Peer 1: 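There's a structure below that I have some questions on.
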2 protein chains.
Amino acid sequence: MARDSFPDLFGKVALSPRELRKLQRLATPVRFRSGQQIVAEGEIASEVYGVSQGVVRVYKKLADGRHHVLRFALPGDFLEWPRGERHGVSADAIGAVSASRFARCELLEFIQASRAMKRLTIDGAAEELKRSQDQMLLLGRGVPEEQLTAFLASWRKRLPRRSDRFVSLPMSRRDIAAHLGMAPETLTRTFAKLEQRRIIRAEADGVELLDTGRNLSSAEK
Amino acid sequence: MARDSFPDLFGKVALSPRELRKLQRLATPVRFRSGQQIVAEGEIASEVYGVSQGVVRVYKKLADGRHHVLRFALPGDFLEWPRGERHGVSADAIGAVSASRFARCELLEFIQASRAMKRLTIDGAAEELKRSQDQMLLLGRGVPEEQLTAFLASWRKRLPRRSDRFVSLPMSRRDIAAHLGMAPETLTRTFAKLEQRRIIRAEADGVELLDTGRNLSSAEK
DNA sequence: CGACTTGTTGAGTGAACTCAAGGAGGGTGG
DNA sequence: CCACCCTCCTTGAGTTCACTCAACAAGTCG
């Protein structure tokens with residue numbers, strides 16, 4: 001296809017066809033290869049990106065190179081809210097990614113002009129804030145097992161599911177570990193524990209969730 | 001004074017006097033004693049609160065009683081964004097607190113009606129989102145010393161300062177520990193370490209920051 | 001085919017946690 | 001005004017569990 005669309009812009013609620021077309025005109029389709037950096041923290045944010053296809057890891061860095069993955073962006077997500085002169089986060093592609101690039105000021109104008117778009121922006125921010133709060137609760141208080149089960153549960157909810165039980169995990173263990181604030185080795189051992197307990201079953205590029213009801217309900221509401 | 005005001009609603013940017021008066025009319029002043037609960041997670045959120053005086057701890061609970069303090073709300077802050085039927089967080093007073101109570105739907109209408117208020121709401125959400133991201137980075141990757149210095153630095157920036165160096169800490173050690181995701185004993189020992197290194201000096205209800213420039217700059221931007 | 005990345009496993013260490021006790025206010029009631 | 005209680009903070013001792021370091025297996029890509 002010659003031109004990437006920017007599907008499911010904000011989940012269920014849609015813009016009017018007319019507004020959608022206008023938004024499409026503002027978007028420049030861009031492709032990124034696996035591992036390629038899309039935005040870098042601290043750089044001038046003259047452009048902002050929305051994900052069309054693929055998965056993007058969004059992260060922040062500490063001075064000494066340690067980094068923490070804030071979230072994994074899916075199709076329909078913006079990498080960050082178009083506020084501030086500079087990017088507040090870094091982001092790079094996990095696997096091949098198609099994205100829509102917007103000129104920041106144009107997108108801002110469009111948001112200003114469209115009542116629906118403004119509402120969607122606010123709702124999106126609130127949604128992300130809620131997720132951040134759950135994440136903080138987990139990072140602060142959760143033991144590794146809880147963190148991983150909660151992550152799998154929330155990731156499952158966000159994914160377009162192939163099946164009820166199978167959860168695709170396109171990102172590396174390292175990325176998941178960096179998201180949950182633990183060492184990769186600890187993550188591996190935690191996966192092993194959950195598998196021993198018959199809570200999950202590891203498969204290629206994902207896990208099958210067994211006993212989904214009780215064990216993966218934490219942090220779900 | 002008979003009626004509490006809701007000062008500095010969103011920091012520097014102010015509403016027009018007319019809008020401010022209208023907002024004031026929607027607000028019911030309420031007082032809370034030290035330790036008193038203001039809102040509880042999961043309860044119907046027919047009313048929302050803004051802090052007028054005092055400090056409020058905003059937290060989330062896990063099923064087994066563990067809790068994590070998401071943030072400390074200061075005068076001018078709303079406890080949460082007026083979205084959703086139910087409260088997403090719990091909050092209680094640290095010391096005596098004066099608050100403004102709003103009917104949720106009335107406040108929402110007002111936000112909808114006022115262009116300035118809408119903008120302030122978005123800005124406020126973005127600000128909180130940014131703080132959440134910094135907090136996640138710290139919770140995930142920071143060692144206790146970094147976490148504490150970063151907390152003191154960010155708290156200093158938010159406080160109306162008595163002096164350049166003194167930072168008032170009205171909340172308990174336990175609250176700070178629950179905010180940073182560590183045991184109270186670890187926090188005490190971390191305070192001791194920082195004092196030994198001449199980075200801070202403990203005082204009554206606060207600390208004096210020595211050598212503020214270098215040591216407290218992390219997570220400041 | 002070889003170099004590199006990624007995931008897993010093992011061993012050992014260390015740091016933060018738990019449990020426990022003691023001291024220092026602060027508030028209340030006699 | 002004092003005695004008492006209670007909460008909060010601190011300190012100590014011991015343990016646990018996640019981290020680090022290291023080696024190895026398994027893909028993956030040139």
Side-chain angles (χ1 to χ4, degrees), chain A residues 33-37 55 57 62 64-69 92-96 138-149 151-152 168-197 200-207, chain B residues 33-36 55 57 62 64-69 92-96 138-149 151 168-197 200-207:
Chain A
R33 282 192 300 277
S34 183
Q36 203 175 347
Q37 187 161 59
V55 184
R57 73 172 155 257
L62 244 33
D64 57 3
R66 284 174 295 173
H67 67 287
H68 184 83
V69 173
D92 32 54
I94 295 175
L138 231 64
L139 283 171
R141 294 283 107 145
V143 298
E145 270 180 65
E146 290 171 313
Q147 294 186 54
L148 181 51
T149 51
F151 168 72
L152 291 175
S168 158
L169 294 174
M171 70 293 279
S172 69
R173 300 289 154 123
R174 170 175 310 188
D175 286 337
I176 300 176
H179 181 52
L180 300 179
M182 62 179 77
E185 297 94 329
T186 305
L187 182 69
T188 288
R189 288 169 180 132
T190 307
F191 264 113
K193 268 190 206 168
L194 293 185
E195 197 158 12
Q196 279 168 19
R197 295 196 184 180
I200 64 170
R201 213 167 65 76
E203 292 183 16
D205 296 325
V207 294
Chain B
R33 281 191 300 277
S34 184
Q36 200 175 350
V55 184
R57 73 172 154 256
L62 245 32
D64 58 2
R66 285 173 294 172
H67 68 287
H68 184 84
V69 172
D92 32 53
I94 295 174
L138 232 64
L139 284 170
R141 295 281 104 147
V143 298
E145 269 180 66
E146 290 171 314
Q147 294 186 55
L148 181 52
T149 51
F151 167 73
S168 159
L169 295 173
M171 71 293 282
S172 69
R173 299 290 154 123
R174 170 175 310 191
D175 287 337
I176 299 176
H179 181 53
L180 300 180
M182 61 179 80
E185 296 94 331
T186 304
L187 183 71
T188 289
R189 290 170 179 131
T190 307
F191 264 113
K193 268 189 205 170
L194 293 185
E195 197 157 14
Q196 278 168 19
R197 296 197 184 180
I200 63 170
R201 215 168 63 75
E203 292 183 17
D205 296 325
V207 294

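All values below were derived from every heavy atom in this structure, side-chain atoms included, with hydrogens, water molecules and symmetry-related copies excluded. Please read these numbers as outputs of a predicted model, since none were measured by experiment. Proteins come first, then strands; the chains are lettered A, B, ... in the order of their sequence lines, and each starts at number 1.
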Peer 1: Considering every strand and a 4.0 Å limit on heavy-atom distances, what is the contact class for B:R174: base, sugar-phosphate, or nothing?
Peer 2: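 Sugar-phosphate, backbone atoms only, no base.
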Peer 1: How close or far is atom P of D:dC8 from atom CE of B:M171, stated in whole angstroms?
Peer 2: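 B:M171 atom CE is separated from D:dC8 atom P by 15 Å.
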Peer 1: Would you classify A:P184 as touching base, sugar-phosphate or nothing, given that sugar-phosphate means primed atoms plus P, OP1 and OP2, and contacts are heavy atoms under 4.0 Å?
Peer 2: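 Answer is nothing: A:P184 stays at 4.0 Å or more from every strand.
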Peer 1: Should B:R173 be listed as having a side-chain N or O under 4.0 Å from OP1 or OP2 of D:dT10?
Peer 2: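 Looking at the OP1 and OP2 atoms of D:dT10, one of them is under 4.0 Å from a side-chain N or O of B:R173.
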Peer 1: Send over the distance from B:E146 CD to C:dA15 C1', rounded to a whole Å.
Peer 2: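 Whole-Å distance recorded here is 14 Å.
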Peer 1: Are any of A:T188's side-chain N or O atoms less than 4.0 Å away from OP1 or OP2 of C:dT8?
Peer 2: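 Checking A:T188 against C:dT8: at least one side-chain N or O falls below 4.0 Å of OP1 or OP2.
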Peer 1: From the set D:dC19, C:dC17, C:dA16, return the single nucleotide nearest to any side-chain atom of B:P144.
Peer 2: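 When the side chain of B:P144 is considered, C:dA16 is the closest of D:dC19, C:dC17, C:dA16.
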Peer 1: State whether the distance check finds a donor on one side and an acceptor on the other, under 3.5 Å, for side chain A:R189 versus base C:dG7.
Peer 2: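 No, no donor-acceptor pair under 3.5 Å.
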Peer 1: With a 4.5 Å cut-off on side-chain heavy atoms, are B:L169 and B:D205 touching?
Peer 2: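 Heavy-atom side-chain distance check fails, nothing below 4.5 Å.
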Peer 1: Classify the nucleic acid contact of B:G35 as base, sugar-phosphate or nothing, counting any heavy atom under 4.0 Å across all strands shown.
Peer 2: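 The residue B:G35 makes no contact with any strand.
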Peer 1: For the backbone of B:R201 and the side chain of B:E195, can you confirm whether one donor and one acceptor N or O come within less than 3.5 Å of each other?
Peer 2: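 No; zero donor-acceptor contacts below 3.5 Å.
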Peer 1: What integer distance in Å separates A:D205:CG from D:dT28:P?
Peer 2: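 For the pair A:D205 CG and D:dT28 P, the rounded distance is 9 Å.
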Peer 1: Would you find more than 12 non-hydrogen atoms of other residues, nucleotides or ligands less than 6.0 Å from A:R174 atom CZ?
Peer 2: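 No - once you tally the heavy atoms of other residues, nucleotides and ligands closer than 6.0 Å, there are 12 at most.
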Peer 1: Could A:R141 and A:E146 be called an ion pair, given the rule that one side-chain N must be under 4.0 Å from one carboxylate O?
Peer 2: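 No, A:R141 and A:E146 are not salt-bridged.
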Peer 1: Please tabulate, for the side chains in residues 179-194 of chain B, all donor-acceptor contacts under 3.5 angstrom to protein atoms that are two or more places apart in sequence or on a different chain.
Peer 2:
unit_1, atom_1, unit_2, atom_2, d
B:H179, ND1, B:V69, O, 2.7
B:T188, OG1, B:P184, O, 3.4
B:T190, OG1, B:T186, O, 2.7

Peer 1: Quickly work out the A:E185 CD to D:dT20 P distance and round it to whole Å.
Peer 2: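 Answer to the nearest Å: 8 Å.
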Peer 1: Please report, rounded to the nearest Å, how far the C1' atom of C:dA16 is from the CG atom of B:L180.
Peer 2: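 One finds 14 Å between C1' of C:dA16 and CG of B:L180, rounded.
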Peer 1: Closest to the A:M182 side chain: D:dC19, D:dC9, C:dC17?
Peer 2: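 Among the listed nucleotides, the one closest to the side chain of A:M182 is D:dC19.
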Peer 1: What is the distance, rounded to the nearest whole Å, between atom CZ of A:F191 and atom C1' of C:dT8?
Peer 2: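 Rounded to whole Å, this separation is 13 Å.
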Peer 1: Tell me: CD1 of A:I176 to C1' of C:dT8, nearest whole Å?
Peer 2: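 Roughly 15 Å, once rounded to whole Å.
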Peer 1: Starting at atom CG of A:L169, determine the distance to atom P of C:dT6, rounded to an integer number of angstrom.
Peer 2: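 The answer, rounded to whole Å, is 16 Å.
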